[in-house]
Every structure is written in C-alpha cells, then in structure tokens.
Amino acid sequence: MYIEKASQLTEEIFDAVRRLVPFLGTHKPIPSRADLTLLLDSGTSMLLLARFPASDSPIAGMLTISIYRVPTGVRSIVEDVVVDTAFRGKGIAKALMQSAIEIAREAGANGVALTSNPQRVEANQLYLSLGFHRRETNAYFLPLK
C-alpha cells in the first residue's frame, strides 16, 4: 500500500476523486477541476491518496485533512475519508488515517477531529481502534445555499 499527498491535479486524480465522492453519499456534490485545484493550492488542506497494492497501482481511497491556527493553538480535522468498495477490508482507511494523524502531529496540532455518521459502523470502529474518543457535543450546521 502507498499513501501520497496530491500536489497537482492530474487526470488520474481528477477521475479518481470523481469516482470516489459518490461513495460518501448521494448528497455530496461531485467536485469540478476548479474545486480540486483550489483544494490542492489551499495551503491549509491536503488531499491524501491511497494506492493499492503499490505506488504504481490505481487510486483506491482518499482523505482530506485540514490544519489551521486559532487563537488557542493548531487544530486539524479529517474529512471525506473514503475507500472504493472494491478495495475495502485491506487496511486502506487505517493507513490513510495514520498518515493524517502523523501530518497533524508534525504540524503541532493538539489533536485530530472528525465526524462520522453513526450508521458507518466499520468506520466508527476504525476511529475508536485508532484512539479517537467519541465527543459529547452538539453538532450544528447552517446551510448557506
């Protein structure tokens, strides 16, 4: 397995992201080239790609981690963790998460935050096995469109 940080948008990455996003849910918009270019150029967010089984293999999964500063320190959040159904059960999500955790640690973040739908049983078990704690908090969202 090979985990890489995407640095520039290629056709392969564009096609892979567009193939993987629907696995996140039908409500998720498919990103355009411009969306992905903005992500890769943001300076605060990183797109990690997993190839299986080797560095020259197809892209099997992805994860986005954002690292940002607030007055009380450095924060990180993981979003859009997804593995193609054809590659599930091979440790790809775990490898992506471990890479993201290390990136956050190296950036000086005080921890890694994420949210996960309770219906994603395997994903929630993975996060707990990696040492994440379920937070008792209120989650809010204000749609702007």
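These numbers come from the heavy atoms of this one structure, side chains and all, not from hydrogens, waters or symmetry mates.
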Which atom pair, heavy atoms only, marks the closest approach of [X] to [Y]?
X	Y	result
F14	S32	CE1-C, 3.7 Å
A6	L49	CB-CD1, 3.9 Å
I65	A100	CD1-O, 3.3 Å
P31	V17	CG-CG1, 3.6 Å

4.5 Å side-chain heavy-atom contact, [X] and [Y]:
X	Y	value
D80	K28	yes
F52	D84	no
L126	L130	yes
N124	F132	no
M1	F87	no
I13	L47	yes

Under 4.5 Å between side-chain heavy atoms, counting indirect links through other Ile/Leu/Val/Met/Phe/Trp/Tyr residues: same cluster for [X] and [Y] or not?
X	Y	answer
I92	L63	yes
L39	L9	yes
F23	I59	yes
V121	Y127	no
I77	M97	no

Rounded to the nearest 0.5 Å, what separation is found between the [atom1] atom of [X] and the [atom2] atom of [Y]?
X	Y	atom1	atom2	answer
L114	S76	CG	OG	9.5 Å
Q98	L48	CD	CG	12.5 Å
E4	M62	CD	CE	13.5 Å
S116	E79	OG	CD	11.0 Å

What residue pairs, at least two apart or across chains, pass side-chain hydrogen bond (donor to acceptor under 3.5 Å, both in side chains) with a residue in residues 104-114?
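Every side-chain hydrogen bond (donor to acceptor under 3.5 Å, both in side chains) pair that includes a residue of residues 104-114, provided the two are not neighbours, is E102-R105.
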
Donor-acceptor under 3.5 Å ([X] side chain, [Y] main chain):
X	Y	value
S45	L40	no
R88	V83	yes
S57	A54	yes

Does a salt bridge link R134 with E136, judged by any charged N lying under 4.0 Å from a carboxylate O?
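Salt bridge between R134 and E136, a charged N being under 4.0 Å from a carboxylate O: yes.
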
Under the side-chain contact (heavy atoms from CB on, under 4.5 Å) rule, what do L96 and I3 come out as? Steps first, then yes or no, please.
CA-CA 7 Å; L96 282 164; I3 308 296; 3.9 Å; yes

